[in-house]
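Notes follow once the structure below has been shown.
In what follows, chains carry the letters A, B, and so on, assigned in the order in which the sequence lines appear, proteins first and then strands, with residues in each chain numbered from 1.
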Amino acid sequence: MKGKELRRSLAVLPIGTVMKLTSLTARQIRYYESQGLVLPQRNDGNRRMYSLNDIDRLLEIKDYLDDGVNVAGIKAIYEQQAAREAARKAKQDRPLTDADVRQILQDELIRQGGLGHPQDGVDPHRPL
DNA sequence: ATTCTCACA
DNA sequence: TGTGAGGA
């Protein structure tokens, strides 16, 4: 079941297509990249090429923004996610630790409920 | 026609 | 974030 992830990871979409698929302006898309929220590939002509995963990431970013989470907060969330993923592998593969579950629950709470304001970042240790 | 980078009346 | 310049 690996060909699917591979296809979703193939960067074949130019920014123009991404704009239509996400309803975001090229300005916004490039800005989010400058903030490390998405990392599209570049083709020979230095043109950005996006994968389906990038599209999902962009749509997710838009949702977070609508929920009041600022770019810094979203960046923090993805950094935690990467950190937890890394820790998961390094720790061998047990499904999820208690800390992982708490973290996931917290992220869900932040994503749905309207925590986080356009001025402060997201405090990963804010008590539930 | 498209996208890129850079800069700001 | 928008927008226009100047180049590829």
Should the pair A/Arg57 and A/Tyr32 be classed as cation-pi, given the thresholds of under 6.0 Å to the six-membered ring centre and 45° from the axis? no
For A/Arg27 and for A/Ile15, find the nucleotide of DNA chain B with the closest heavy atom, then tell me which residue's nucleotide is more 5'. A/Ile15
Any side-chain N or O of A/Arg42 under 4.0 Å from OP1/OP2 of B/dT5? yes
A/Arg30 CZ to C/dT1 P: how many Å, rounded? 14 Å
Just N and O in the side chain of A/Tyr31: are any of them under 4.0 Å from OP1 or OP2 of B/dC6? no
Between P on B/dT3 and CD1 on A/Ile29, what's the gap in Å once rounded to a whole number? 10 Å
Counting Watson-Crick and G-U wobble pairs only, both distances under 3.5 Å, name the nucleotide matched with B/dA9, or none. none
Short side-chain N/O contact to B/dT2 OP1/OP2 from A/Arg47, under 4.0 Å: no
Residue-phosphate contact under 4.0 Å: A/Arg48 side-chain N/O, B/dT3 OP1/OP2: no
Salt bridge present between A/Arg84 and A/Asp107 (N-O < 4.0 angstrom): yes
Per the side-chain contact (heavy atoms from CB on, under 4.5 Å) rule, which among A/Leu21, A/Thr17, A/Val38 passes with A/Ile55? A/Leu21
To the nearest Å, how far apart are A/Asp44 CG and C/dA8 P? 17 Å
Ignoring backbone atoms, test whether A/Thr25 places a side-chain nitrogen or oxygen under 4.0 Å from the OP1 or OP2 oxygen of C/dT1. no
More than 12 foreign heavy atoms under 6.0 Å from CG of A/Asp98: is that the case here? no
Around atom CG of A/Leu39, are there more than 12 heavy atoms of other residues, nucleotides or ligands at under 6.0 Å? no
Partner of B/dA1 by Watson-Crick or G-U wobble geometry, both contacts under 3.5 Å, or none? none
Interatomic distance, A/Glu33 CD vs C/dT1 C1' [rounded to whole Å]: 16 Å
Would you mind telling me which of C/dG2, C/dA8, B/dT5 lies closest to the side-chain atoms of A/Asn46? B/dT5
C1' atoms of B/dT2 and C/dG6, separation to the nearest Å: 15 Å
A/Asn43 CG to B/dC4 C1', straight-line distance once rounded to whole Å: 11 Å
